[in-house]
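Quick notes on the structure that follows.
These values consider heavy atoms only, across backbone and side chains, with no hydrogens, waters or symmetry-generated copies.
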Amino acid sequence: KKEKLGKFSIEKSIQCEYKASCGQGRFSKVEVLKIRDTKNGHNCYVAIAENRQVNTLHRMVLAREIQFTKKDMALQLNIYMRKLNSLLEEDQGCRNKCLILHYDDHERFDFAGTILREVHKRKS
């Protein structure tokens, strides 16, 4: 059995209000996670934001009213992620500070370990 690199807990939930491109007010929930590095005992704090656009693409595949296939979703997701990455790289405040981590809730996934590996990589 492989030992996990880290363990996480939710420290705080923050409700943020923003305006969508149409001008309509919306709310987003941001989770602040505390990730404990099990190798060195240090803590790392990260903010996790829901990505509504990606959630919408997943729901579109399940909607029977429209014919939006998994192949369509993969194409749109690829386009969206490339654009989002380029916007984050162009912004001085975000460059090298944001990580887009795409995962499926139904998969077994070492979330804390993945975050810690990224943090270690960025520190070196």
Side-chain angles (χ1 to χ4, degrees):
K1 185 177 174 182
K2 197 173 182 181
E3 184 182 338
K4 289 196 172 191
L5 179 60
K7 296 178 182 178
F8 73 91
S9 60
I10 297 174
E11 286 292 300
K12 187 174 187 175
S13 291
I14 302 168
Q15 186 102 346
C16 303
E17 186 174 4
Y18 67 97
K19 287 201 186 287
S21 58
C22 64
Q24 181 180 1
R26 298 230 171 109
F27 288 95
S28 176
K29 190 165 117 180
V30 176
E31 305 284 353
V32 178
L33 304 182
K34 174 182 171 183
I35 301 176
R36 181 149 184 88
D37 190 327
T38 55
K39 294 207 188 265
N40 64 22
H42 295 137
N43 293 324
C44 170
Y45 294 87
V46 297
I48 306 295
E50 173 188 37
N51 192 319
R52 289 183 182 201
Q53 292 81 357
V54 173
N55 290 342
T56 298
L57 289 174
H58 284 281
R59 282 193 302 272
M60 288 172 66
V61 170
L62 300 174
R64 293 185 178 146
E65 303 82 33
I66 59 174
Q67 292 183 346
F68 190 77
T69 66
K70 286 185 179 185
K71 186 177 177 181
D72 295 330
M73 184 190 76
L75 174 64
Q76 293 303 317
L77 185 60
N78 186 301
I79 293 167
Y80 173 74
M81 296 302 251
R82 282 196 328 255
K83 180 63 176 175
L84 184 56
N85 272 316
S86 72
L87 290 171
L88 291 171
E89 281 302 308
E90 289 171 13
D91 188 297
Q92 291 282 354
C94 295
R95 187 176 302 132
N96 297 320
K97 294 178 185 172
C98 297
L99 168 67
I100 298 173
L101 183 60
H102 186 239
Y103 65 95
D104 187 335
D105 284 340
H106 304 300
E107 294 176 359
R108 289 189 61 81
F109 181 70
D110 181 13
F111 183 81
T114 301
I115 297 293
L116 285 172
R117 280 189 285 282
E118 272 302 315
V119 168
H120 292 168
K121 186 170 39 171
R122 289 166 187 243
K123 282 185 176 181
S124 58

Quiz item: Rounded to the nearest 0.5 Å, how far apart are NZ of K83 and CG of N85?
Solution: 11.5 Å

Quiz item: Counting heavy atoms not belonging to Q15, are there more than 12 under 6.0 Å from its CD?
Solution: yes

Quiz item: Sub-3.5 Å donor-acceptor pair from the side chain of R36 to the main-chain atoms of H42, do we have one?
Solution: no

Quiz item: Do N55 and R59 meet the criterion of a side-chain donor-acceptor pair at a distance under 3.5 Å?
Solution: no

Self-check item: Hphob cluster co-occupancy, L116 + Y45, side-chain heavy atoms under 4.5 angstrom
Solution: no

Exercise. Please assess L62 against H58 for the test side-chain contact (heavy atoms from CB on, under 4.5 Å), listing each intermediate value before the final yes or no.
Key: CA-CA 7 Å; L62 300 174; H58 284 281; over 6 Å; no

Self-check item: Heavy-atom side-chain proximity of L99 to I115 below 4.5 angstrom
Solution: yes

Self-check item: hydrophobic_cluster_shared for I66 and V61, side chain cutoff 4.5 Å
Solution: yes

Exercise. Please round to the nearest 0.5 Å and tell me the distance separating atom CG of L77 and atom CG of D72.
Key: 12.0 Å

Practice problem: Apply the test side-chain contact (heavy atoms from CB on, under 4.5 Å) to residues D110 and R117: give CA-CA distance (whole Å), side-chain angles for both, the deciding distance (0.1 Å), then the verdict. | Solution: CA-CA 11 Å; D110 181 13; R117 280 189 285 282; 3.8 Å; yes

Quiz item: Is there a donor-acceptor pair under 3.5 Å between the side chain of N78 and the backbone N or O of A74?
Solution: no

Quiz item: What heavy-atom pair brings R95 and E90 nearest, and what distance separates the two atoms?
Solution: NH2-O, 3.4 Å

Exercise. With sequence neighbours excluded, tell me which residues meet side chain to side chain contact (heavy atoms under 4.5 Å, CB included) with L88.
Key: L84, C94, C98, I100

Quiz item: Which heavy-atom pair separates K29 from S13 by the least distance, and what is that distance?
Solution: CE-OG, 4.1 Å

Quiz item: Do the side chains of R26 and R52 get nearer than 4.5 Å, heavy atoms only?
Solution: yes

Practice problem: In sequence, state the C-alpha distance, the side-chain angles, and the governing distance for N43 and D37, and then conclude on side-chain contact (heavy atoms from CB on, under 4.5 Å). | Solution: CA-CA 6 Å; N43 293 324; D37 190 327; over 6 Å; no

Self-check item: hydrophobic_cluster_shared for L101 and I48, side chain cutoff 4.5 Å
Solution: yes

Quiz item: If two hydrophobic side chains count as joined below 4.5 Å and joins carry through other members, does F111 share a cluster with V30?
Solution: no

Quiz item: Does E89 reach the side chain of N96, with side-chain heavy atoms less than 4.5 Å apart?
Solution: yes

Quiz prompt | Value rounded to 0.5 Å, distance of NE2 in H120 from SG in C44 | solution = 7.5 Å

Self-check item: Pairwise side-chain contact, Q76 with T56, heavy-atom cut-off 4.5 Å (strictly under)
Solution: no

Quiz item: When clusters are formed by joining ILVMFWY residues with side-chain heavy atoms under 4.5 Å apart, either directly or through shared neighbours, do F27 and V32 land in the same one?
Solution: no

Exercise. Say whether N51 and Y80, considering side chains only, have a donor N or O and an acceptor N or O under 3.5 Å apart.
Key: yes

Quiz item: For K34, which residues count as a salt bridge (charged side-chain N to carboxylate O under 4.0 Å, His left out) partner, sequence neighbours excluded?
Solution: none

